[in-house]
Amino acid sequence: QVQLVESGGGLVQAGASLRLSCAASGRAFSGYAMAWFRQVSGKEREFVATISWSGGSTYYAESVKGRFTISRDNAKNTVYLQMNSLKPEDTAVYYCAAARAGPASVSRAYAFWGQGTQVTVSS
C-alpha cells in the first residue's frame, strides 16, 4: 500500500504562484510514475501533469504547458507541482496519484490517490 498526502494549496490572486507537494509513504517510491489531476465539483477529474519513475519523461495538459512544472525527489519520496501565472480557471481540488505503469494521462491508470488540496485563484 502507498499513502499519498498533498499540501501547499491555498487562496491566491491571478498571476501568483503556488508549489504543491505530495509526500509518499508505505512502499518504495522510485518505482512509481506520479501524476497530478484536478477536479471541480460536478465535473470530470482532469489530467494536469505526469512524470516517469526516473524523472526522465514529463507530460502536461495543454492548458498548463509553460506555466506548471512537475518534478520529483525520489530520495525524499516527494513529487512537486510548481504552478506559475495562475488563472481563475485553475481553481480546483488538486490530487496526487501513483501508478506502477509508465506515465499516463487517464485517471484509471493510477492505483493510489491522495486526499486532495484546494487551490483557489481569484480575479
Side-chain angles (χ1 to χ4, degrees):
Q1 185 71 274
V2 173
Q3 293 81 47
L4 305 173
V5 180
E6 303 97 331
S7 62
L11 173 63
V12 298
Q13 294 183 344
S17 297
L18 283 173
R19 183 179 177 87
L20 305 184
S21 297
C22 174
S25 63
R27 299 176 70 177
F29 176 74
S30 62
Y32 291 86
M34 302 294 294
W36 290 93
F37 288 76
R38 64 189 183 186
Q39 188 170 28
V40 177
S41 295
K43 296 188 179 296
E44 296 288 320
R45 188 163 295 186
E46 177 187 26
F47 169 75
V48 176
T50 187
I51 187 168
S52 63
W53 69 267
S54 68
S57 298
T58 59
Y59 302 91
Y60 298 91
E62 188 66 29
S63 60
V64 306
K65 284 182 179 178
R67 299 189 298 121
F68 292 8
T69 303
I70 188 171
S71 62
R72 66 191 297 162
D73 186 341
N74 289 344
K76 295 185 179 296
N77 291 351
T78 302
V79 63
Y80 304 95
L81 185 69
Q82 178 67 46
M83 304 185 295
N84 297 328
S85 301
L86 283 163
K87 304 174 180 179
E89 51 262 45
D90 295 318
T91 296
V93 176
Y94 283 71
Y95 296 91
C96 178
R100 284 286 195 181
S105 61
V106 293
S107 60
R108 64 178 179 270
Y110 296 88
F112 305 102
W113 295 83
Q115 84 288 353
T117 185
Q118 177 71 48
V119 173
T120 303
V121 185
S122 65
S123 300

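- For the side chain to side chain donor-acceptor pair (under 3.5 Å) test, residues two or more places apart in sequence or in another chain that qualify with N84 are S17, Q82.
- Here R19 pairs with nothing under the salt bridge (Lys or Arg N to Asp or Glu O under 4.0 Å) rule; sequence neighbours left out.
- The hydrophobic clustering, which links ILVMFWY residues whose side-chain heavy atoms are closer than 4.5 Å, places I51 and L81 together.
- Scored by the side chain to side chain donor-acceptor pair (under 3.5 Å) test, K65 finds E62 as partners (sequence neighbours excluded).
- Partners of Y80 under the side chain to side chain donor-acceptor pair (under 3.5 Å) rule, at least two apart in sequence or in another chain, do not exist in this structure.
- Shortest non-hydrogen contact noted between A99 and Y110 is CB-CD2, 3.4 Å.
- Within the structure, every pair that satisfies the ring pair (Phe, Tyr, Trp, His ring centres under 6.0 Å) test and touches residues 45-72, not counting sequence neighbours, is listed here: F37-F47.
- I70 contributes atom CD1, which lies 9.5 Å from atom OG of S52 (distance to the nearest 0.5 angstrom).
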Which atom pairs, donor and acceptor, lie under 3.5 Å between side-chain atoms of residues 116-123 and protein residues at least two apart or in another chain?
unit_1 : atom_1 : unit_2 : atom_2 : d
T117   : OG1    : G9     : N      : 3.3
Q118   : NE2    : A92    : O      : 3.4
Q118   : NE2    : T120   : OG1    : 3.3
S122   : OG     : V12    : O      : 3.4

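- Among residue pairs with one or both ends in residues 43-88, none qualify as disulfide (SG to SG under 2.5 Å); sequence neighbours excluded.
- With rounding to the nearest 0.5 angstrom, the CH2 atom of W36 is 4.5 Å from the CG atom of L20.
- Among residues two or more places apart in sequence or in another chain, the side-chain contact (heavy atoms from CB on, under 4.5 Å) test is passed with A109 by A104, V106.
- Residue V48 is grouped with residue F112 when hydrophobic side chains (ILVMFWY) are merged at heavy-atom distances under 4.5 angstrom, including chains of intermediate members.
- Screening residues 104-121 for salt bridge (Lys or Arg N to Asp or Glu O under 4.0 Å), with sequence neighbours left out, gives no hits.
- Rounding to the nearest 0.5 angstrom, the gap separating the CG atom in L4 from the OH atom in Y32 is 9.0 Å.
- For T50 (side chain) and M34 (main-chain N/O), a donor-acceptor pair under 3.5 Å exists by modelled atom type.
- Listed by chain and residue number, R72 satisfy the side chain to side chain donor-acceptor pair (under 3.5 Å) test with N74 (two or more places apart in sequence, or in another chain).
- Residue pairs satisfying the disulfide (SG to SG under 2.5 Å) criterion with at least one member in residues 92-123, sequence neighbours excluded, are listed as follows: C22-C96.
- Sequence neighbours left out, the pairs with a member in residues 39-50 that pass salt bridge (Lys or Arg N to Asp or Glu O under 4.0 Å) are R38-E46.
- The shortest side-chain heavy-atom distance between M83 and R67 does not fall under the 4.5 Å cut-off.
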